[in-house]
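For reference, the structure is listed below as structure tokens.
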Number of protein chains: 2
Amino acid sequence: MNIGEAAKASGVSAKMIRYYESVGVIPAAQRSESGYRRYDDAAIHTLRFVRRARDLGFSVEDITRLLALWRDRNRSSADVKALALAHIKTLQGKIAAMEDMVATLRHLAEHCHGDARPDCPILEDLAGTGEDVAAR
Amino acid sequence: MNIGEAAKASGVSAKMIRYYESVGVIPAAQRSESGYRRYDDAAIHTLRFVRRARDLGFSVEDITRLLALWRDRNRSSADVKALALAHIKTLQGKIAAMEDMVATLRHLAEHCHGDARPDCPILEDLAGTGEDVAAR
DNA sequence: CCTTGACCTTCCCATTGTTGGAAGGTCCAT
DNA sequence: ATGGACCTTCCAACAATGGGAAGGTCAAGG
């Protein structure tokens, strides 16, 4: 398979496949006589792995580690689990931060008339003029 | 105030102040004889506004708009509110996506022994070998 | 056999927000 | 006058992705 077909088969764009290769996430592909990258089923399988890991929000760096563990028949599942748990924590941290933002924003928006008049607690809060729209 | 003091007073780093100026979020600062940027209280106030908006997750582009609205005495609060609500939606979308990831990961991690053995439902899922670890 | 269109190659650029550093000028206190 | 703390601009890097240019390759059809 050429890179285009590999892209379709794996759900990873050709651009990204080349990128992953360049940064060492996946090994360099075989090349045809003329220099085209060739992909066999095993390579596609790896690409799907990468795709799925990205969908779960793992960083490229983490994916490199996960792939190494995947290939390592002597891995300990503890190592994999630790990576997953750390990632969960990272995600939860981001979620919490965003939820705080949403809570504040929703609160401010609720108190904003949203009409043609200029008075707006949202701007007042941003400006620090708000005298607190009921305790943030 | 020089940029360093302005940075301390506003909570925005000197680097970022220059950046915001360069991309037009804030107007170009006054300059001293020797070319140093000078900041007065109004400028600090604006910087604090930017800081607070960034803390709430607004993009630089949104902040530029918010500042324009802030300065516009004829704004309608509806415009501000619309911006805030759109931002809330964006955040909620990201939160939902991350929560999905966390749910999947947590489920997989729960089923992973996390010991010295290599068997690991997490890797199996990523590899697509898992035969589904109880319906994702 | 040659053209055409779809594919491939590499290389560079842009994005978003932030930080780091280098090379050089300024300010103030000693 | 010298040093240290500040300032200036410019350039690079991060993460992950997409866009595009310039050029080579392959297969089908005339």
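All chains are named by letter (A, B, ...) in the order of the sequence lines, taking the proteins before the strands, and each is independently numbered beginning at 1.
- A/Tyr36 and A/Ile26 fall into different hydrophobic clusters, defined by Ile, Leu, Val, Met, Phe, Trp and Tyr side-chain heavy atoms under 4.5 Å apart, directly or through other members.
- Here the side chains of B/Met16 and B/Val12 are in contact, with some heavy-atom distance below 4.5 Å.
- In this entry the distance linking CZ of B/Arg54 with P of C/dT16 reads 11 Å, nearest Å.
- At distances below 3.5 Å, not a single donor-acceptor pair connects side-chain atoms of B/His87 with backbone N or O atoms of B/Asp62.
- Whole-Å rounding puts the A/Ile3 CD1 to C/dA6 C1' distance at 15 Å.
- Remark: side-chain polar atoms of A/Arg48 are not paired, donor with acceptor, to backbone N or O of A/Ser10 under 3.5 angstrom.
- B/Arg38 and B/Asn2 share a donor-acceptor pair across their side chains, judged by distance under 3.5 Å alone.
- Of the residues in residues 4-22 of chain A, A/Ser13, A/Lys15, A/Met16, A/Tyr19, A/Tyr20 come within less than 4.0 Å of DNA chain D through at least one heavy atom, sorted by number.
- Within the 4.0 Å cut-off from OP1 or OP2 of D/dT8, at least one side-chain nitrogen or oxygen of B/Arg37 is found.
- Scanning residues 83-101 of chain A for heavy-atom distances under 4.0 Å to DNA chain C yields an empty list.
- More than 12 heavy atoms of other residues, nucleotides or ligands shown are found within 6.0 angstrom of CD on A/Glu5.
- Annotation: side chain of B/Ile63 is not in contact with side chain of B/Tyr20 (no heavy-atom distance under 4.5 Å).
- Between B/Val23 and B/Thr64, the closest side-chain pair of non-hydrogen atoms is not below 4.5 Å.
- The residues B/Asp55 and B/Arg52 are annotated as not salt-bridged, no charged nitrogen and carboxylate oxygen being separated by less than 4.0 angstrom.
- Using a 4.5 Å heavy-atom threshold, the side chains of A/Leu123 and B/Phe49 count as touching.
- In this structure, CZ of B/Arg38 is placed 14 Å from P of D/dC6, rounded to the nearest angstrom.
- Nucleic acid contact class of B/Arg31 (heavy atoms, under 4.0 Å, all strands): sugar-phosphate only.
- If you measure from atom CZ of B/Arg51 to atom P of C/dG17, you get 15 Å, rounded to the nearest angstrom.
- If you take CG of A/Asp55 and P of D/dA16, they are 14 Å apart, rounded to a whole angstrom.
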For residues 92-103 of chain A, run the donor-acceptor check on the side chains, cut-off 3.5 Å, and write out each pair with its distance to 0.1 Å, sequence neighbours left out.
none

A correct 5'-to-3' footprint of nucleotides 24-30 of chain C, with B, S and - meaning base, sugar-phosphate only and no protein heavy atom under 4.0 Å, is -BBS---

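- Expressed to the nearest 0.5 Å, how far CG of B/Leu105 lies from CD1 of B/Ile122 amounts to 7.5 Å.
- Sequence neighbours left out, the pairs with a member in residues 102-123 of chain B that pass salt bridge (charged side-chain N to carboxylate O under 4.0 Å, His left out) are B/Asp115-B/Arg117.
- Annotation: the terminal axes of the helix from C/dC1-D/dG30 to C/dT30-D/dA1 meet at 40°, where each axis is the rotation carrying the C1' atoms of four end pairs onto the next four (5 pairs per end, rounded to 10°).
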